[in-house]
Number of protein chains: 2
Amino acid sequence: MSIDLLGPEPIYRQIAAVIAQRIEDGTYGPRRAIPSEAALCAEFDVSRNTVRAALRVLAEQGLIVSVMGRGTFVKGDGQAAANE
Amino acid sequence: MSIDLLGPEPIYRQIAAVIAQRIEDGTYGPRRAIPSEAALCAEFDVSRNTVRAALRVLAEQGLIVSVMGRGTFVKGDGQAAANE
DNA sequence: GGAAATTTGTTCGTATGTATA
DNA sequence: TTATACATACGAACAAATTTC
């Protein structure tokens with residue numbers, strides 16, 4: 001779950017995998033916000049673009065939803081996330 | 001004006017020619033922004049680098065001007081584009 | 001209500017690595 | 001070796017929506 005700067009796996013995919021794992025294990029609960037892009041930049045020590053690339057992967061997988069001005073939320077199974 | 005993946009003409013030059021044509025025929029008007037690099041990537045189904053190579057050609061010809069964070073603009077004959 | 005800070009969205013600038021012809 | 005093309009990654013600037021004070 002640590003990030004391997006070398007190796008064939010792109011950083012943004014590794015970060016996506018880490019976040020997906022946290023969603024799966026409940027670290028980031030359904031309908032709850034995950035850390036801001038800025039916070040993720042700081043944690044993984046990567047640029048915002050790279051964080052956003054990771055989040056894009058997760059959004060395409062339907063795991064998260066981002067809302068301008070609010071944050072990025074884990075999609076609860078029951079749909080309708082981030083409407084609170 | 002379609003893109004020929006084979007043939008001797010590089011893709012980026014073909015794309016540059018298409019955009020130049022659109023500027024000439026008024027599809028992209030003077031002092032107006034042309035589609036973003038991302039939009040052009042999608043339209044021509046090429047990488048951003050290839051789009052940027054095409055835009056570089058047009059910029060060298062003085063047809064367009066790119067501004068970070070804003071977009072890429074057609075140079076009106078009267079100069080002073082993208083200052084609005 | 002308003003200003004400032006926060007947060008995501010969009011866009012261009014630059015650099016590096018890989019692959020192919 | 002050079003030119004072309006794609007993927008990745010970091011920087012920077014600005015816009016839009018929301019939250020906080």
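Reminder, nothing fancy here: chain letters follow the sequence lines and each chain counts from 1.
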When the distance from [atom1] of [X] to [atom2] of [N] is rounded to whole Å, what number comes out?
| X | N | atom1 | atom2 | result |
| --- | --- | --- | --- | --- |
| R48(A) | dT14(C) | CZ | P | 20 Å |
| L55(A) | dA9(D) | CG | P | 14 Å |
| I15(A) | dA9(D) | CD1 | P | 8 Å |
| E9(A) | dA7(D) | CD | P | 15 Å |
| M68(B) | dT14(C) | CE | C1' | 8 Å |
| F73(B) | dC14(D) | CZ | C1' | 11 Å |
| L58(A) | dT8(C) | CG | C1' | 15 Å |
| E37(A) | dA17(D) | CD | C1' | 14 Å |

Name the closest nucleotide to the [X] side chain, picking from [options].
| X | options | answer |
| --- | --- | --- |
| Y12(A) | dT4(D), dT8(D), dT8(C) | dT8(D) |
| S66(B) | dT8(C), dG13(C), dT11(C) | dG13(C) |
| P10(B) | dA15(C), dT4(D), dC12(C) | dT4(D) |
| S36(A) | dA9(D), dT8(C), dA5(D) | dT8(C) |
| N49(A) | dT11(C), dA5(D), dT19(D) | dT11(C) |

Item to complete: Examine the base of dG9(C) for any acceptor or donor lying under 3.5 Å from a partner atom in the side chain of R56(A), and report the outcome as yes or no.
Response: no
Worksheet item: Where do T72(A) and L58(A) land on the side chain to side chain contact (heavy atoms under 4.5 Å, CB included) test, with the steps shown first?
Response: CA-CA 11 Å; T72(A) 300; L58(A) 299 174; over 6 Å; no
Discussion item. Regarding T27(A) and D25(A), do their side chains bring together a donor and an acceptor under 3.5 Å, going by distance alone?
Written reply: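 There is such a pair (donor and acceptor under 3.5 Å, judged by atom type) between the side chains of T27(A) and D25(A).
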Worksheet entry | V46(A) vs G69(B), nearer the 5' end of DNA chain D by closest nucleotide |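 It is V46(A), whose closest nucleotide lies nearer the 5' terminus.
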Worksheet item: After noting the C-alpha distance and the side-chain angles of R22(B) and E43(B), does the key distance pass the salt bridge (charged side-chain N to carboxylate O under 4.0 Å, His left out) rule?
Response: CA-CA 14 Å; R22(B) 289 176 183 173; E43(B) 173 183 353; 2.6 Å; yes
Discussion item. Please confirm whether the shortest side-chain N or O distance from T50(B) to OP1 or OP2 of dT4(D) is below 4.0 Å.
Written reply: no
Worksheet item: dT19(D) phosphate, OP1 or OP2: any side-chain N/O from R70(A) under 4.0 angstrom?
Response: yes
Practice prompt. Apply the side chain to side chain contact (heavy atoms under 4.5 Å, CB included) test between I19(A) and each candidate in L40(A), V51(A), L63(A); give the one that qualifies.
Written response: L40(A)
Worksheet item: Touch check for I11(A), heavy atoms < 4.0 angstrom, all strands: base, sugar-phosphate only, or nothing?
Response: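 Since only primed, P, OP1 and OP2 atoms lie under 4.0 Å of I11(A), the category is sugar-phosphate.
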